[in-house]
Amino acid sequence: MRRKRILAVGILSIFSIFLLLCRLAQIQLVQPESFSNRHINLVEESVRQRAQIAPLDNGRGDILDRNGNPIGQKTIPVLILFPFLKNMEWGAEEVAQIVGLPAQDLLDSVKQAKKPFVFGTPTPIQLSTNEVIEINALKIPGVFAVERKIPDEFIPGRQLLGIVGENEREARKRYPDNRLSPRTPIGVSGLEKSFDPFLIGEGDASLVYHVDGKGNPLFGANVKMRAERNQFYPANIRTTIDLEIQKKAEQLVDSHGIKKGGIALLDIETNSILALVSRPAAKPGNPFGNGGLENVMLKEQIMGSVFKTVIAAAAIENGLGESSRLFDCSRKVNGQPDPNHKYGMRNFSESFAISCNYTFAKLARELKAINPGLIEEYASMLSLTGGAGWEGNVFHFSHFRQLEGEESGRVFLKESEREDDNFVSLTGIGQKEVRATPLAVANMMATIARNGEKQHVRAVSAIEYKNGTTMFEFPQTEIGGKTVSPETARTLQQLLRNVVVNREGTGRWFSSLPFEVAGKSGTAETGKYFGNDQLHNKWFAGYFPYGKPKYALVTVNLDVNENEGGVNPLFADMVNYLHSLNQLD
């Protein structure tokens, strides 16, 4: 009995040892870089546990403005200190003398550190070339003067650019064939997400010290530089954004107190985004809070009287906008007398200039009588619906879209709405279900300025290899389908200009600007209330200079009181700024 018990224990022990050896083999030989269903890289984790690592670059490609300047970050020479310095005499006085700071500042920073850090809080000190040379000549273990990518505290165009984050599960879902580190940052929103396959890196650049159990370096002054060696990847993307114009647009939006809304500015010749500002802004440290990552300039908004531009185009091409025809602009949409607006009898052009609701409600009903689908057709013909952002084939990516999350806009939701006179009347003045993104509204103005030529809007002009050569160039592409005739577009141009030069026009605010502006205002009821006050969307959309169109600009302030939050001063300030730039050219 005793022998059987000993034999059983022995067999169990041998089996346990066998299982342990199998487990060790799995860990060390079979799956050292992809352990368990979480695919943990045990080699990387073991190195990380016995190392102190100072990251210099997360390995992702850069997002550049149209002039090749990085947006949202800069690479500068900085001083990096390792925490094990607190356990040794390391020559803080010599380093302090070089950078011109008290040695005690360096000592105190090291004393508080638990991991390698860039000296300088909250803004790292930027070293000169001579300071870099002198510090590195000291050859002090744990003291390095190196270039590092430093993110800006405030990133212009954050909603357009997007953010990155670590998400191991999503990374493996997107790239099942790539052996990525669990800490590989991937695009979460915006261009970072759209262009993630090109921007994603294969590893970061960092300084690595192997340390003992007390955190002291094992190999003296020897530090390992870990970095990618590929001269082509990851790629960079060159946007169409002008960084200085973008910064100015951000500053103007904030100075005019825009809480929700922003600016969309297009270069008409290339149909590219020069600046795109969305508010509320993304907060540093909490970009998801308060809707700060939502790009309202790519979201459908109620547009009000700006939509009368579409009704005008349809009326012109269907014989309803004769100059001799008069409309009673002392009446409301429903034909009842309007006690607040007694404009009397006005022709088509004057009706557009003063934004007469009665005229465009009546025209909308007449268009419905011709064809219930006409209004939607003309909204599409003017690039207002269907999506404005660039899309096409890029390498093996079919139907690649630059603008992640862009909405398409609409005129009606239900078939029955197209047949209802009351519904169509309100549609004619941009109410009810009419929706468009501010970017699409800017594209409508650019389409009119180009005599009816419809194009996709580009946010990115090229994907570039890391060495600066071009991998893929995004061409200007036409939006398919019908468009208005050049003659109709030129008539719309005159109507939009008359909004500004007519002494009663809703755009008369801009008559004295240095650029001749053509455009259309809009004040839309939202159906939302703050207390007893209904909130409104305020718009001005236009292009300039009138004779030689260069810019299409939309300013919008969303969910504000009817008598507050106008966007005319913001539009005017942006025009003045752009004129000053052209004076310098």
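Hydrogens, waters and symmetry mates are skipped; everything else that's a heavy atom, side chains included, is used.
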Check: [X]/[Y] side-chain N/O donor and acceptor closer than 3.5 Å:
X: T239; Y: D65; value: no
X: H536; Y: T523; value: no
X: T491; Y: T488; value: no
X: K308; Y: S355; value: yes
X: S461; Y: T240; value: no

*Quick one: does V457's side chain get under 4.5 Å of S272's, heavy atoms only?*
no
*For residues R331 and D338, determine if any side-chain heavy atom of one lies less than 4.5 Å from a side-chain heavy atom of the other.*
no
With [X], which residues qualify under ring-ring contact (aromatic ring centres under 6.0 Å, His included), at least two apart?
X: F544; result: F515, Y551
X: F510; result: F540, F571
X: F474; result: F195, W390, F472
X: Y543; result: none

*asked:* Quick test of your reading: applying salt bridge (Lys or Arg N to Asp or Glu O under 4.0 Å), list the pairs with at least one residue in residues 433-455, sequence neighbours left out, ordered by first then second residue.
replied: R410-E433
*In a check of side-chain contact (heavy atoms from CB on, under 4.5 Å) between L570 and each of L553, V575, L252, which one passes?*
L252
*asked:* So, applying side-chain contact (heavy atoms from CB on, under 4.5 Å) with L265, which one of V554, I273, L578, L276 is it?
replied: L578
*asked:* What's the separation between atom CG in L160 and atom CG in L191, rounded to the nearest 0.5 Å?
replied: 4.5 Å
*Who pairs with E377 by side chain to side chain donor-acceptor pair (under 3.5 Å), at least two apart in sequence or on another chain?*
K482
*Hey, which of Q431, K432, K332, R365 is the one that makes side chain to side chain donor-acceptor pair (under 3.5 Å) with S425?*
R365
